[in-house]
Structure formats: C-alpha cells, structure tokens
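Only one structure is covered here, and it is reproduced in the block below.
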Amino acid sequence: MVTLYMYDLQTILEHFIADDLFLSAVPYGEGHINDTFAANFQKNNGDRYRVILQRINHLVFTDPPGLMNNVYGITTFLKQKIAAAGGNVMRETLTVIPAKNGDLFYIDRDGNYWRMYVFVEDAITYQSCRNEQDFYNCGTAFGNFQRLLSDYKTDQLVETIADFHNTVRRFEALKEAIRQDKSGRAKNVQPEITFALNREKDAGAIIELLRSGKIPYRVTHNDTKLNNIMIDNQTGMGICVIDLDTVMPGAACYDFGDSIRFGASTAAEDETDLSKVTMSLQLFEVFAKGYLSVAKEFLTPAETESLAVGAKIMTFECGIRFLTDYLNGDTYFKIHRANQNLDRCRTQFRLVADMEQKMDRMQEIVKKYSVK
Ligand code: ADP
Ligand code: GN1
Ligand code: MG
C-alpha cells in the first residue's frame, strides 16, 4: 500500500484505473492549494504511462462536484475548438479521466475529493521565466484561452469561490483579520498593514468597472501564474492552460494582471531579499506583446485601458490575501516554512510600489501593442 500524506493512494487510484499495473506515485508540482501526485502505471503490453491525481482542497473549493462540472464543460468545449483548428485535443487542454463509476471525482472514506487527469508529457511548468520567448508564448496562450472561451455560456459555470477577485471584499477580509488578530501577529506587520490601508481606495478599481458595465464580464481563468501553463519542451509554446478550478466570469485584466504579478517579477513569490524584487518592464512588454497579439482583436478600448491597472490591483489583492492568511494563522495557502505568507505578502507589496512608479510606462506599452 502506498501511503503519502496519510492517503491510501493505491486504493484511490484503483477507483480510476483498475486494469493496468500500478507502479508508483510521488507528490508533484508546487501549487499552493491542491495536493497533486504523479502516478505511474504499466499496461499489459509493457507500455508505461503517467497520470495526474489530485486531491481537490474542499476547504477552499466547497462545491467539488460543481467545480468538476465546470472543468469538464470547459475542457469538452475547448476540445471541440482545438479539433476544429486541427490541434491536438489531448495536449492542448486538460483531459479528465473519470472514476470507474462514471463520476468526475472519487470521494475517499475521509471525505476527500479526488480527480484524475491525463498527464501532459513533453511539457513542463516553470516557477520563473526561463527566457523571454517563453513568457511571450504564455501571453499568446492566455490570450487564446480567453478568445476560445469568449462564446462559452457563463450561466453554465458555477462560481467555485465566491467573490474570488472582488478586491473590495478581500480588503474587508484583511480589516477583519487585523481586528481579530487571531494569532497575535499584527504587531509584527505594522508597516505591511499601513501599506495596505493607505491603498484602500485602489481596491474598487476593477470591480467598479465591471459593476458599472464599463468593461464586460468574460470567461476568465483567474489564476494565470506561470506554473499554471505547460510549456512544450520542443517548441517552447504555451501548449496547455491548466489549473482550471477558478475559471469563472471575470475581467480580462484579471488574467493579464495575474500573469504580470508572477511572471514579470524579477524574484520568486516568497523571496526574502526584497532588493531582488522588481517588476521588470522588459518582461511586462514581452508578455503584453504576446497577450495583445491575440487579445487586441476582442478587447474593448476600456478593457485595454484597464490592463496595466489590473496588473497592479491583482498584485495588491494577492498581497492582501497573503497578509490576511498570515494574520489568520496560515490556514489557506500551503506554507513550507515559518513566515512564508508574510514573505509572499512583502514581495507583492514591493511589486505594487514598483508598479506605481512605472505605471505611465506600463500604460504606454499596452497602447503600443493594442494598435490594430
Ligand atoms: P494547484 O491548484 O495546487 O496549483 P495545479 O492544478 O496547478 O494545482 O497542479 C500543480 C502542478 O502539477 C502544476 O503546476 C503542474 O506542474 C502539474 N500538473 C497539473 N496538471 C498536470 C497535467 N495534466 N499534466 C502534467 N502536469 C500537471
Ligand atoms: C493559488 O493554486 P495555485 O497555487 O495555482 C491561489 C491564487 C493565488 C496564488 C498565489 C484557488 O494559486 O489565487 O494567486 O496561489 N489559488 C486559489 O501564488 O486561491
Ligand atoms: Mg496551480
């Protein structure tokens, strides 16, 4: 029996794959939310293959069946479009492997929800930009993802996390965490709290554009960090957008902004040496060029204008979320060492301050690449 993280993985895997020989399973990837494993199997003819097995974090995603319906609906829709364009339906989007009983998930005896995906081979996810061309290719891939889903009916999607990018709500949650100070940590983070409180008025910037109808709701990914896109080993293309748990109606700039937040930073999300943390205008330009090469065809002028501000707001929101979690005692994001959420918050706030200095230039770059 293979027990990892206290899970009886072999038994869980048998609920998805019963005919092939199970060889091994190892923890995989660097996500902050789900538990991901790569499992190896051997067919009767000796061929070996891998699958992705994931425990859906049901404290974060409280409706796993609804979430899996979203994922199945989106990937089925994408496969039709990929096939029509002559693409490879098994590599250019995720493929859900249902449980033997036909369900899209399996619930173990402890109430954990498990799902399985075909392993996208010959491709890899990166934690930081390997080169500029990769980042450009990520831009085109995320632009294309929005384009392909632009006629997906939003009423088919459940909201997997309510108010996910409602930065005003995120700000309220931070204020509540400061008030409660559950872990007695507020005294350690007065500069960070002040940084956030000084920017309260920024929190509504994007949500108000959506609410007033100045920019439209689109189907967006909402978690477009670099390690949520598989880069093809041969071509360097962003071959497959993964981590579809947060696909919901949102603003186009959420996806643009979150990519910049993570991928245009010159340091890791949890870097402790803040002197290393800047938002590279060079990387910003590379991504904007890639994203807009596809997205300029469908974005409205107001959406285009929101992209640079969106990058700042997404970064601010993420910093607020890390700070809130630190104050609440690290209950949401996985941490691997003490103070990791605080370090993550600090990098995000450093990036926000840097973007404030560079905002005019960011706007100019967006303008340059949005000319049709
Ligand atoms: P989380 O929500 O925790 O971030 P992800 O769905 O992003 O989980 O998966 C974590 C990591 O596992 C990804 O960054 C990627 O490296 C890897 N991964 C996920 N799905 C696949 C897949 N179908 N094929 C290959 N690798 C995958
Ligand atoms: C989480 O699941 P993962 O690691 O791709 C989080 C994002 C944050 C990100 C910060 C469902 O993303 O919203 O931006 O961490 N996902 C969820 O790195 O909360
Ligand atoms: Mg992920």
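For ligands, and for the atoms within them, numbers begin at 1 and follow the listed sequence.
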- Purely on distance, is any nitrogen or oxygen of Asn228 under 3.5 Å from one on ligand 1? yes
- Report yes if Asn34 has an N/O atom closer than 3.5 Å to an N/O atom of ligand 1; otherwise report no.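 There is such a contact, yes.
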- Under 30°, 30 to 60°, or over 60°: which ring-plane class applies to Tyr254 and His165, parallel, tilted or perpendicular? tilted
- Looking at atom 13 (O) of ligand 2, what's its closest protein heavy atom, distance included?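 That would be Arg321 NH1, 2.8 Å.
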- Task: List the closest protein heavy-atom neighbour of atom 12 (O) of ligand 2: residue, atom name, distance to the nearest 0.1 Å.
- Result: Asp223 OD2, 3.0 Å
- Message: Could you identify the N, O or S atom of Asp243 positioned closest to the Mg ion (ligand 3)?
- Response: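 Sorting the N, O and S atoms of Asp243 by distance to the Mg ion (ligand 3) puts OD2 first.
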So is [X] in contact with ligand 1, going by heavy-atom distances below 4.0 Å?
X: Gln54; answer: yes
X: Met230; answer: yes
X: Val118; answer: yes

- Query: Which ligand 1 atoms does Gly31 reach within 4.0 Å, using its non-hydrogen atoms?
  - Reply: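 Answer, ordered by atom number: 1 (P), 3 (O), 4 (O).
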- Message: Please list, in number order, the atoms of ligand 1 under 4.0 Å from a heavy atom of Gly29.
- Response: 11 (C)
- State whether a side-chain donor-acceptor pair under 3.5 Å links Tyr106 with Asn112.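 There is no such pair (donor and acceptor under 3.5 Å, judged by atom type) between the side chains of Tyr106 and Asn112.
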